[in-house]
Amino acid sequence: MKILAIARNTFREAVRNKVFYLLLFFGVFFAFSSRFVSMLSVGDQQKVLMDVGLASIHFFSVLVAIFTGINLVYKEIEKKTIYNILSKPITRLEFVLGKFTGLALTLLVALASMALLFFLFLFVTTGSFAPRCLIFFGLLYIELLIITSLSLVFSSFSTPILSSIFTVTLYLVGQVLWTFQEFKTRLHEPFSRYVATALYYLLPNLDKFNVKNEVVMEMELSGGRLLAAAAYGVVYVAALLTLAVVIFRRRELN
Amino acid sequence: MQAKTIALFMALILTAGALQFHYDTQVEYFAERQAFVTLPDGKTLKVLSFGYRNLVADFLFIWAIQFYSATHITNRFDYIENIFDVITDLNPRFKAPYLVGSWIMGLEGGRYRMAIRLLEKGARNNPEEWIFEYDAGFYAYRDLKDLELAEKLFKQAAERPNAPPLIRRKWAHMVYMQDNLDYAFRLWKEIERSADDQLSRDSAFHHLYQIDFERDKQLLKRAIGEFRRRFGRNPAELAELRVRGILKEIPRDYQGRDYRYDPESGTIKARRNYKWKSSY
Amino acid sequence: MMAAIEIQGLEKSYPSTFGTRRIPVLRGINLTVEPGQIYGFLGPNGAGKTTTIKCMLGLLRPDRGNIRLLGRDSNSLESRRHLGFLPENPYFYEYLTIRELLGFTGRLFGMSPAERKRRVEEVLRQVGLWGREETKLGKCSKGMIQRAGLAQALVQDPEVLILDEPFSGLDPVGRKELRDLVLSLKHSGRTIFFSSHILQDMELMVDRVAIIINGRLVREGHLDELISRSVRHYELVVEGVDEKAAARAGLSGERRDNRTIIRVETLEEVNSKIRAVQSVSGRIAAMIPVKLTLEDIFMREVGK
């Protein structure tokens, strides 16, 4: 399959990049440093350990997603290696899907290795295994897929610096999008209310995937909620990829 | 082909919106939000904000406004002092958080002493502003009914540069309310002297008239009591107090006119009556 | 017989910096390349060579006109199946080895693993990279990159090969090897379309040539028809003759320092001038045959 060939190549490029390992290293390093942070805490050390560990993994995996996403797609255009691909019998759709699949695979490997080390570390230091963290990792993966699709959309028409800014901005907005609902109730002008509502439903709501607290505090997480979040994520990714294809088809490669 | 893809995109993004709607109906989304259980103190956050102190302060402030107006979160006041402390530590010259924070603490949360502490911090950090102590004085007077504290706060506010004359009047009024009549009289005299508009002068005059009357009333009351003890009756007229040597002189009102005396009940009345005073 | 490449009325413009107007780059290109030909696409930098090639590959959308490759519309995916392309100054993924690049290219054409293995080895030998295929592309010299680029263009054994400025940056040995390779491909029946801004690249190998200037084809045909390969004139540089003596001997020309530069049209004339120089005890310092250059044509076309 041609898509798989592009995916494979993308994956290969990502994992042969030094920055990828640097980010992985930092993720793991900070996850491990939670041991020292937890020592400073009085009582409930496991909670602090998990808090800091999961937060580090969250942060650095998002960095990996943004960095690899933008870097790999833009470099392809900037260095004109894309000519070698698109001058072959490859559609733009195949190209976008191939890139996405490769990036998704890269993120899977990155997240899985960080998660594995986290579980190992947790087991060694506390003697317990927190399977609920798997829920967080699962949803985090969907979040990473949304971020990487966003970076695909942006780098299909913009420069890497702008793409990074757009992606990071949307990521941050996505984390606090839930406030739009509250914000809306404070707006009196109908027009701004419509805008707030539209943005709330259009922009990626990444907070849905952030169940760190629920996981660590052993709060209730209904299956329905998780399923709805996952379905939302998958559909959103599909929408972004479609948009990337639309933009990419229009794009001329000077 | 492109049109079909665009249609697909539309369909997908709408589906995503619908799923989002569905999700929100499933989860009590906002009720879940808890107060910051652990917010690092201002000093730590100064380090953590990496040179974006003001921005972090802005964000925290905006967040706090949203959070504290979410009335369904019942425990939202648990950490309010810490939060506003942090915001004002990050940007001590940012004035709105002191005022808004104290409104929330006081008017919404009924925590007036906390509100006054925040406002005093605002005054310390912004010595050119009178508004903080003025607001604090109001909380002390109106809500805590702590006249001594209110007097202190209004006094401090009044002594700030550019403080409007109104505050001096509040201060004087606090002094008066605590029955410190001589002090209050001096203050009002001062106000009358420095007044540069008719309204202030009138107001000062009314207060001076009233305080003068209160002082005289106390004096006369004591004298009448003494008279009654000696002669077993009320004096027939005030002049009798002088005749019998109880008072060297019969006091007159602020405008130099005699008070009205009722020998039957032994009570004194002023010729003028400023109603807002006699509620006392 | 079906043409290998057929371009009709191709027009393309780019938006200006602020998008307020469109700057025409191609103003109606018509050309036909018959199968088995080596076709040279000659023009100065910025004439529209690369734009034409990108339109052929579907990287750019023409404003007007159509392009058929082996009878298929250039917008169709099928048209690229039998097409090999070497971009100008090719750049490939630094982290791949040459073999991995060729394997990847083979996969893009949907070749089976066995076929891929066979073809990769074949093209490696063809371009002279056999034995060096495990080198990372990031570590390759410019010449090796050019060969690797050629190899990836040849992986699926294309009918038509499009090379954008393939000679640029090659040393004389590299040029010779590339020329030989192109000629051998022609002998196995392939069509080669290549662009260059250097006339000499075209010599000794192309069957036909098209000259593009300012987005228009100004000449098209056999190279010999277009440019007289013979010398246009000669320049004689004469020393040791003062101006008066030179004028007396009929040696009028441009004086530079104490030399006279004389323009001479034919070889016969050259001989008679040499005799004249000797008669006034002068000396020939140099004789320069002046050939027609692309620049001459360009200047002539611009002058029109």
Side-chain angles (χ1 to χ4, degrees), chain A residues 1-22 68 71-99 101-103 106 156-159 245-254, chain C residues 12-15 25 50-51 53-63 69 72 74-97 100-111 116 136-138 148-149 151-153 155-156 158 162 164:
Chain A
M1 270 271 276
K2 294 167 186 176
I3 294 174
L4 288 183
I6 296 171
R8 191 182 128 121
N9 195 44
T10 306
F11 177 72
R12 201 143 50 173
E13 175 168 17
V15 298
R16 286 183 189 178
N17 197 316
K18 286 185 190 79
V19 182
F20 176 73
Y21 291 100
L22 195 70
T68 47
N71 194 37
L72 294 196
V73 175
Y74 181 76
K75 224 161 88 183
E76 194 97 53
I77 297 168
E78 174 64 17
K79 304 272 190 182
K80 306 190 171 177
T81 48
I82 195 169
Y83 293 171
N84 300 319
I85 295 181
L86 292 180
S87 60
K88 311 281 185 288
I90 301 290
T91 62
R92 307 272 166 119
L93 172 71
E94 285 170 323
F95 177 77
V96 169
L97 287 185
K99 274 281 150 196
T101 312
L103 291 170
T106 310
S156 65
F157 66 87
S158 182
T159 64
V245 172
V246 168
I247 299 172
F248 215 71
R249 275 205 195 122
R250 288 185 52 83
R251 173 146 186 169
E252 294 199 292
L253 296 155
N254 290 328
Chain C
K12 176 71 190 167
S13 58
Y14 292 130
V25 176
T50 300
T51 302
I53 290 176
K54 280 182 178 171
C55 287
M56 287 158 76
L57 295 161
L59 296 173
L60 292 177
R61 276 188 307 276
D63 297 345
L69 303 165
R72 293 193 185 85
S74 69
N75 289 319
S76 74
L77 225 47
E78 255 327 281
S79 72
R80 269 162 260 160
R81 186 161 298 283
H82 304 288
L83 204 68
F85 169 56
L86 171 70
E88 183 178 1
N89 300 323
Y91 178 91
F92 299 105
Y93 310 100
E94 292 179 350
Y95 55 92
L96 289 186
T97 65
E100 282 169 339
L101 170 72
L102 300 180
F104 170 56
T105 312
R107 280 194 181 84
L108 292 183
F109 282 104
M111 289 161 70
R116 220 157 53 212
K136 281 248 166 69
L137 286 154
Q152 65 85 36
V155 160
Q156 95 283 22
I162 296 176
D164 195 2

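Here is the naming used below: chain letters follow the sequence lines, and residue numbers restart at 1 for every chain. Every heavy atom of this structure was used, including side-chain atoms; hydrogens, water molecules and symmetry mates were not.
Listed by first and then second residue, the salt bridge (charged side-chain N to carboxylate O under 4.0 Å, His left out) pairs involving residues 76-88 of chain A are A:E76-A:K99 (not counting sequence neighbours).
In this structure, C:L59 and A:Y83 approach most closely via the heavy-atom pair CD1-CD2, 3.7 Å. The minimum heavy-atom distance linking A:N84 with C:Q152 is given by the pair OD1-NE2, 3.9 Å. The minimum heavy-atom distance linking C:R80 with A:P89 is given by the pair O-CD, 3.7 Å. For the residue pair A:K2 and C:L108, the shortest heavy atom distance occurs at CE-O, 3.3 Å.
For C:R107, the side chain to side chain contact (heavy atoms under 4.5 Å, CB included) partners are A:A5, A:R8, C:R116, not counting sequence neighbours.
No donor-acceptor pair under 3.5 Å is formed between the side chain of A:E13 and the backbone N or O of C:Y95.
Contact annotation for C:Q156: neither backbone nor side-chain heavy atoms come within less than 4.5 Å of a heavy atom of chain A. Residue A:R12 touches chain C through both its backbone and its side chain, counting heavy-atom pairs closer than 4.5 Å. Both the backbone and the side chain of A:I85 come within contact range of chain C, judged by heavy atoms closer than 4.5 Å. In this structure, chain C has heavy atoms under 4.5 Å from both the backbone and the side chain of A:I6.
Between chain A and the options C:L96, C:L83, C:T51, heavy-atom pairs under 4.5 Å are most frequent for C:L96. Counting heavy-atom pairs closer than 4.5 Å to chain A, the top-ranked of the candidates C:F92, C:F85, C:Y93, C:F109 is C:Y93. For the set A:N9, A:I82, A:N17, A:T81, the count of heavy-atom pairs under 4.5 angstrom toward chain C peaks at A:N9. Looking only at heavy-atom pairs under 4.5 Å with chain A, the residue among C:K12, C:E94, C:M56, C:E78 that has the most is C:K12.
Side-chain contact between A:T91 and C:L77 is present, with at least one heavy-atom pair separated by less than 4.5 Å.
In this structure, the separation between NZ on C:K136 and CZ on A:R16 is 5.5 Å, given to the nearest 0.5 Å.
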